*Asks:* 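Sharing a structure with you now.
The structure presented is a predicted model; accordingly, all values stated were derived computationally and were not measured.
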Amino acid sequence: MPSALPDGEPVPADGALPASALAGAADRPLGFYLHVPYCATRCGYCDFNTYTATELRGSGGVLASRDNYADTLAEEIRLARKVLGDDPRPVCTVFVGGGTPTLLAAGDLVRMLGVIRDEFGLAEDAEVTTEANPESVDPAYLATLREGGFNRISFGMQSARQHVLKVLDRTHTPGRPEACVAEARAAGFEHVNLDLIYGTPGESDDDWRASLDAALGAGPDHVSAYALIVEEGTRLARRIRRGEVPMTDDDVHADRYLIAEEVLSGAGFEWYEVSNWATSEAGRCLHNELYWRGADWWGAGPGAHSHVGGVRWWNVKHPGAYAAALAEGRSPGAGREVLTEEDRRVERILLELRLREGAPLSLLREQGLAAARRALSEGLLQEQPYQEGRAVLTLRGRLLADAVVRDLVD
């Protein structure tokens with residue numbers, strides 16, 4: 001089931017932000033994340049805030065229905081317009097995630113984008129992305145999205161091997177994600193991503209290479225490759241605990257990452273974030289870069305998180321409670337926190353160090369600078385950027401990114 005929300009102070013009923021959050025807003029990019037919390041089935045490894053029809057039955061009534069979800073989410077977008085007041089910024093990125101956004105009608109996704117366009121305006125070169133389940137789209141659906149303003153799409157491929165997909169409880173058939181890339185290109189999508197997962201119990205090195213080769217053969221300009229994290233409370237965690245499938249160890253994850261770097265870089269992809277590769281700068285996911293660079297985004301939908309000017313907040317998780325709050329004219333916010341300067345410094349290190357450009361050494365305190373010197377001597381940071389005042393991970397450093405970050409934030 002979905003993980004718990006963090007603790008925080010109450011969000012005002014009208015969603016109002018402190019004046020400090022809006023100061024200097026015109027100089028920061030603004031994005032929107034739209035969360036669609038519906039899935040046909042729950043994957044065994046997933047602890048995202050998603051719900052199947054069975055899980056919603058009797059607990060949300062008509063308020064939690066997929067049929068009127070686009071109208072409900074539109075109300076939060078209009079609330080965002082009120083909260084941000086006369087903020088002049090057009091929206092530069094929109095990312096529709098889930099869940100499975102493509103369980104909604106294509107026209108619903110286009111309509112939600114239209115509300116953002118009407119309320120805020122879209123930048124001329126705005127990136128507009130949706131995630132998609134390979135089995136939930138067809139050429140007509142993709143054509144409707146493209147005609148409606150979407151220009152980037154991300155397909156959940158995970159693996160090219162049926163036995164790996166079975167362990168993950170993924171329902172699509174091998175080969176379908178690759179076909180989706182061709183259909184998206186035919187519909188006019190400029191940028192296409194494939195999501196892969198490595199380290200699934202029972203996956204071999206050959207399985208992983210086959211998945212990478214299949215992904216590259218489809219012709220995306222972006223690939224995301226994530227190590228499988230076994231979250232407590234998921235079906236996969238229970239299966240591992242019962243001994244039904246083996247736990248994958250960290251050494252295997254490291255080996256799979258090295259294979260990914262070898263195969264993807266050999267095909268002309270460059271890493272720009274630890275888990276993300278693109279064929280060009282234009283192929284990068286600009287929306288995710290907003291997160292990694294601490295810009296502003298409004299997360300609309302159940303359980304969605306937002307950040308504006310150092311204020312972070314999150315919505316109630318259940319679709320029924322979310323819809324009820326908006327129907328009553330209240331913010332669906334469940335809690336928030338105002339980040340201190342120290343919080344923001346630490347977060348910059350945590351996030352920017354994962355990027356190809358790295359983090360400025362000027363962010364580090366005395367102990368962090370000493371740790372950076374050690375990391376340089378141990379081959380975890382690149383020499384030239386270090387001399388220019390930036391901490392940039394080497395390939396070995398990327399394998400140990402979490403440990404490097406922990407040392408640098410001291």
*Asks:* Using every non-hydrogen atom in the two residues, find where L361 and Y386 come nearest and quote the distance to one decimal.
*Replies:*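 Closest approach of L361 to Y386: CD1-O, 3.6 Å.
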
*Asks:* For E366, what residues pass the side chain to side chain donor-acceptor pair (under 3.5 Å) criterion, not counting sequence neighbours?
*Replies:*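 None.
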
*Asks:* Determine, step by step, whether Y198 and I259 satisfy the side-chain contact (heavy atoms from CB on, under 4.5 Å) criterion, reporting the C-alpha distance in whole Å, the side-chain angles of both residues, the deciding distance to 0.1 Å, and the verdict.
*Replies:* CA-CA 10 Å; Y198 58 87; I259 291 172; over 6 Å; no

*Asks:* To the closest 0.5 Å, what do you measure between CZ (R176) and CG (L165)?
*Replies:*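 CG of L165 is found 14.0 Å from CZ of R176.
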
*Asks:* Ring-plane angle category for Y69 and Y322, please: parallel below 30°, perpendicular beyond 60°, tilted otherwise.
*Replies:*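 Ring orientation, 0 to 90° scale: tilted.
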
*Asks:* Locate the shortest heavy-atom distance separating C180 from P134; write the atom from each residue and the value.
*Replies:*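 Scanning both residues completely, I find the closest heavy atoms to be SG-O, 3.4 Å.
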
*Asks:* Under a 4.0 Å N-O cut-off, is there an ion pair linking R89 with D296?
*Replies:*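 Result for this pair is yes, salt bridge flagged.
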
*Asks:* Can you confirm whether more than 12 heavy atoms, excluding those of E378, are under 6.0 Å from its CD atom?
*Replies:*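 More than 12 heavy atoms, drawn from other residues, nucleotides or ligands, come within 6.0 Å of this atom.
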
*Asks:* Could you work out, with side-chain contact (heavy atoms from CB on, under 4.5 Å) as the rule, every residue matching A215, not counting sequence neighbours?
*Replies:*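 A215 satisfies side-chain contact (heavy atoms from CB on, under 4.5 Å) with M157, L194, L196 only.
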
*Asks:* Got a sec, which pairs hit side-chain hydrogen bond (donor to acceptor under 3.5 Å, both in side chains) with one end in residues 297-306, sequence neighbours left out?
*Replies:*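 Every side-chain hydrogen bond (donor to acceptor under 3.5 Å, both in side chains) pair that includes a residue of residues 297-306, provided the two are not neighbours, is E76-W298.
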
*Asks:* Please report the shortest heavy-atom distance between V91 and T93, naming the atom on each side.
*Replies:*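 The answer is CG1-O, 3.2 Å.
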
*Asks:* Considering only residues two or more places apart or on different chains, which pairs with a residue in residues 268-279 satisfy side-chain hydrogen bond (donor to acceptor under 3.5 Å, both in side chains)?
*Replies:*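 Counting only pairs at least two positions apart or across chains, the side-chain hydrogen bond (donor to acceptor under 3.5 Å, both in side chains) contacts touching residues 268-279 are H222-Y272, S224-N276, E261-W277, E273-N276, E273-R354.
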
*Asks:* Does a side-chain N-to-carboxylate-O contact under 4.0 Å join E281 and R356?
*Replies:*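 Salt bridge absent between E281 and R356.
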
*Asks:* Work out which heavy atom in V128 is nearest to a heavy atom in G149; give both atom names and the distance.
*Replies:*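 Looking at all heavy atoms of both residues, the shortest contact is CB-O, 3.6 Å.
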
*Asks:* Tell me whether R345 contacts the main-chain N or O of L363 through its side chain, where contact means a donor paired with an acceptor under 3.5 Å.
*Replies:*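 Yes.
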
*Asks:* Is any side-chain heavy atom of L381 closer than 4.5 Å to a side-chain heavy atom of V392?
*Replies:*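 Answer no - side chains too far apart.
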
*Asks:* How far apart are the C-alpha atoms of Q158 and D195, what are their side-chain angles, what is the distance that settles it, and do they pass the side-chain contact (heavy atoms from CB on, under 4.5 Å) test?
*Replies:* CA-CA 6 Å; Q158 281 71 52; D195 271 347; 4.1 Å; yes

*Asks:* Would a line drawn from the ring center of Y291 to the ring center of Y33 be shorter than 6.0 Å?
*Replies:*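 Aromatic pair excluded; centres sit 6.0 Å or further apart.
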
*Asks:* Can you give me the closest heavy-atom contact between V181 and P220, atom names plus distance?
*Replies:*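 Reported closest heavy-atom pair: CG1-N, 4.2 Å.
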
*Asks:* Check whether R348 reaches the backbone of E352 with its side chain - one donor and one acceptor, N or O, closer than 3.5 Å.
*Replies:*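 Flag not set: sc R348 to bb E352 has no pair under 3.5 Å.
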
*Asks:* Check the pair F150 / T129 against side-chain contact (heavy atoms from CB on, under 4.5 Å), numbers first and verdict last.
*Replies:* CA-CA 6 Å; F150 285 80; T129 305; 5.9 Å; no

*Asks:* Does this structure show an ion pair linking R330 with E328, if we count only N-O contacts that are shorter than 4.0 Å?
*Replies:*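 Answer for the salt bridge query: yes.
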
*Asks:* Please check: side-chain N/O of E131 versus main-chain N/O of G98, any donor-acceptor pairing under 3.5 Å?
*Replies:*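 Such a contact is found between E131 side chain and G98 backbone.
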
*Asks:* Charged N to carboxylate O below 4.0 Å: is that the case for E342 and R365?
*Replies:*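 Salt bridge between E342 and R365, a charged N being under 4.0 Å from a carboxylate O: yes.
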
*Asks:* Output yes when a side-chain donor or acceptor of T100 lies under 3.5 Å from a complementary backbone atom of L103, and no otherwise.
*Replies:*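 Such a contact is absent between T100 side chain and L103 backbone.
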
*Asks:* Does N193 reach the side chain of F155, with side-chain heavy atoms less than 4.5 Å apart?
*Replies:*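 No - every pair of side-chain heavy atoms lies 4.5 Å or more apart.
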
*Asks:* So that I can tick it off, tell me whether E347 and R312 are bridged by a salt bridge, with the cut-off set at under 4.0 angstrom between side-chain N and carboxylate O.
*Replies:*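 Between E347 and R312 there is a salt bridge, with a charged N closer than 4.0 Å to a carboxylate O.
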
*Asks:* Ignoring hydrogens and angles, tell me if any N or O in the side chain of N151 forms a donor-acceptor pair with the backbone of A126 under 3.5 Å.
*Replies:*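 Flag set: sc N151 to bb A126 pair under 3.5 Å.
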
*Asks:* Minimum heavy-atom separation for G379 to T394, with atom names?
*Replies:*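 Scanning both residues, the minimum pair turns out to be O-OG1, 2.6 Å.
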
*Asks:* Backbone N or O of A295 within a donor-acceptor pair of the H307 side chain at under 3.5 Å?
*Replies:*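 Answer holds: yes.
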
*Asks:* Under a 4.0 Å threshold between the charged nitrogen and the carboxylate oxygen, would R374 count as salt-bridged to D407?
*Replies:*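 Salt bridge flag = no for R374 with D407.
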
*Asks:* Report the residues that fulfil side-chain contact (heavy atoms from CB on, under 4.5 Å) with R293, sequence neighbours left out, ordered by chain and then residue number.
*Replies:*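 Result, side-chain contact (heavy atoms from CB on, under 4.5 Å) vs R293: R284, E289, L355, E357.
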
*Asks:* Table please: side-chain donor-acceptor pairs of residues 104-125 below 3.5 Å, with sequence neighbours left out.
*Replies:*
| unit_1 | atom_1 | unit_2 | atom_2 | d |
| --- | --- | --- | --- | --- |
| D108 | OD1 | R111 | NH2 | 2.9 |
| R111 | NH1 | D71 | OD1 | 2.5 |

